[in-house]
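This report concerns only the one structure given below.
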Number of protein chains: 2
Amino acid sequence: MAIPIPGQPVRGSESGAPIMAVFDLLGRRWAMGIIWNLSRGPQTFRGLQNACETISPSILNSRIKELKQALIVDRSLEGYHLTPLGEELFTLLKPFGAWSINWAKTIVPKNPEKWDKCGDDIENQNSK
Amino acid sequence: MAIPIPGQPVRGSESGAPIMAVFDLLGRRWAMGIIWNLSRGPQTFRGLQNACETISPSILNSRIKELKQALIVDRSLEGYHLTPLGEELFTLLKPFGAWSINWAKTIVPKNPEKWDKCGDDIENQNSK
DNA sequence: CTCACTGCTACGAATAATGTAGCAATGAGG
DNA sequence: CCTCATTGCTACATTATTCGTAGCAGTGAG
């Protein structure tokens with residue numbers, strides 16, 4: 001799938017508003033997870049694959065290509081890593097970690113039937 | 001599609017880390033765009049459909065159901081709107097608007113072949 | 001009763017993702 | 001050289017998700 005180009009019509013916006021292009025790009029399966037994982041430092045293809053547990057290599061390959069084209073990810077000898085633009089994006093993504101913990105506490109009691117274990121995972125997540 | 005429950009295995013994370021559940025939820029097509037649109041105030045189903053231009057009603061319906069289950073969106077007489085949790089989420093999403101403009105300026109010169117018009121849209125986007 | 005509109009469902013066609021197998025390249029050990 | 005293991009990545013059939021369009025029931029105005 002081609003990356004959305006801001007200024008061009010993308011999914012959800014004929015006007016080409018850049019925010020819609022971003023939502024298109026980040027709204028693809030695994031995209032945000034890949035950025036999150038890369039924030040810890042350079043990763044190999046295999047490393048990312050393991051981090052994303054169930055991603056298939058062909059999709060990982062597509063997402064990486066897209067993020068590279070979008071200048072968010074790049075590759076060096078140490079492996080794939082975030083570009084400066086990607087780092088910036090991650091700083092915006094970071095607060096979602098804390099929000100997600102709060103969200104989990106609110107939502108989980110509303111879905112008791114699906115809720116057994118969890119506690120530890122939630123508490124331990126703020127480790128970066 | 002069922003919403004991801006933090007603490008339960010979701011796409012990309014057997015551990016059930018809440019952040020992965022959030023990425024799963026927000027990483028679905030249109031999800032972030034819907035939240036973005038609702039930040040301007042209550043919207044009708046049709047209003048959202050028009051705002052998202054090319055979304056199909058069945059998908060819009062699914063996304064709304066999911067976001068409602070996730071306590072991010074609710075419905076009242078005035079229409080669909082963000083819950084307090086949803087408003088919080090939007091404040092995290094908001095900075096992406098500014099970043100996207102910056103990103104657009106960087107990326108567009110790298111894709112000259114796809115770039116004709118754009119300028120005005122980019123400049124005028126920071127209106128909330 | 002009609003007309004226009006709304007929220008929403010149905011459903012086939014198109015597109016995207018999964019899961020698995022496997023290939024070429026690289027590097028270590030013998 | 002010749003294995004063997006590992007890595008980055010491709011291929012491809014199966015399955016899941018989304019698109020695009022038609023249309024139904026409900027509401028309110030005229």
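Everything numeric in this text was worked out from a predicted model, so none of it was measured.
Distances shorter than 4.0 Å separate some side-chain N or O of A/W30 from OP1 or OP2 on C/dT18. For the pair B/R63 and D/dT18, the criterion of a side-chain N or O lying under 4.0 Å from OP1 or OP2 is met. A sub-4.0 Å separation between OP1 or OP2 of C/dC8 and a side-chain N or O of B/R75 is present. OP1 or OP2 of C/dG7 lies within a sub-4.0 Å distance of a side-chain N or O belonging to B/T44.
Considering all non-hydrogen atoms of both residues, A/L71 and A/L85 come closest at O-CB, 3.5 Å. Between A/S100 and B/I19, the shortest heavy-atom contact is OG-N, 3.4 Å. Closest of all the heavy-atom pairs between A/P6 and A/P4 is CD-O, 3.7 Å.
Nucleic acid contact class of B/S62 (heavy atoms, under 4.0 Å, all strands): none.
Looking at the side chain of B/F45, the nearest of the listed nucleotides D/dG20, C/dT18, C/dC8 is C/dC8. Taking every side-chain heavy atom of A/N61 into account, D/dT10 is the closest of D/dT10, D/dC19, C/dC8. Side chain of A/P57, nearest nucleotide from D/dT21, D/dA11, D/dG20: D/dA11. The listed nucleotides are D/dC9, C/dC8, C/dT18; the one nearest the side chain of A/I59 is C/dT18. Nearest nucleotide to the side chain of B/R29, out of C/dC8, D/dT10, C/dA16: C/dA16.
If you take CZ of A/R28 and C1' of C/dT18, they are 18 Å apart, rounded to a whole angstrom. Computed from coordinates, the A/I55 CD1 to C/dT20 P distance equals 15 Å when rounded to whole Å. Rounded to an integer number of Å, the gap from A/E53 CD to C/dT18 C1' is 15 Å. Atom CG in B/D24 sits about 15 Å away from atom P in D/dA16, given to the nearest Å. Atoms NZ (B/K65) and P (D/dT18) sit 14 Å apart, rounded to a whole Å. If you measure from atom CG of A/L60 to atom P of D/dC9, you get 9 Å, rounded to the nearest angstrom. The CD1 atom of A/I64 sits 14 Å away from the P atom of D/dT7 (whole-angstrom rounding). Atoms CG (B/L25) and P (D/dT17) sit 14 Å apart, rounded to a whole Å.
If B/R46 and B/S56 are placed on DNA chain D by their nearest nucleotide, the residue sitting closer to the 5' end is B/S56. Between B/E66 and B/Q49, the residue anchored nearer the 5' end of DNA chain D, judged by the nucleotide with its closest heavy atom, is B/E66.
Between the A/R63 side chain and the A/R29 main chain, a donor and an acceptor come within less than 3.5 Å of each other.
Taking 4.5 Å as the limit, every side-chain heavy atom of B/V73 sits out of range of all side-chain heavy atoms of B/T83.
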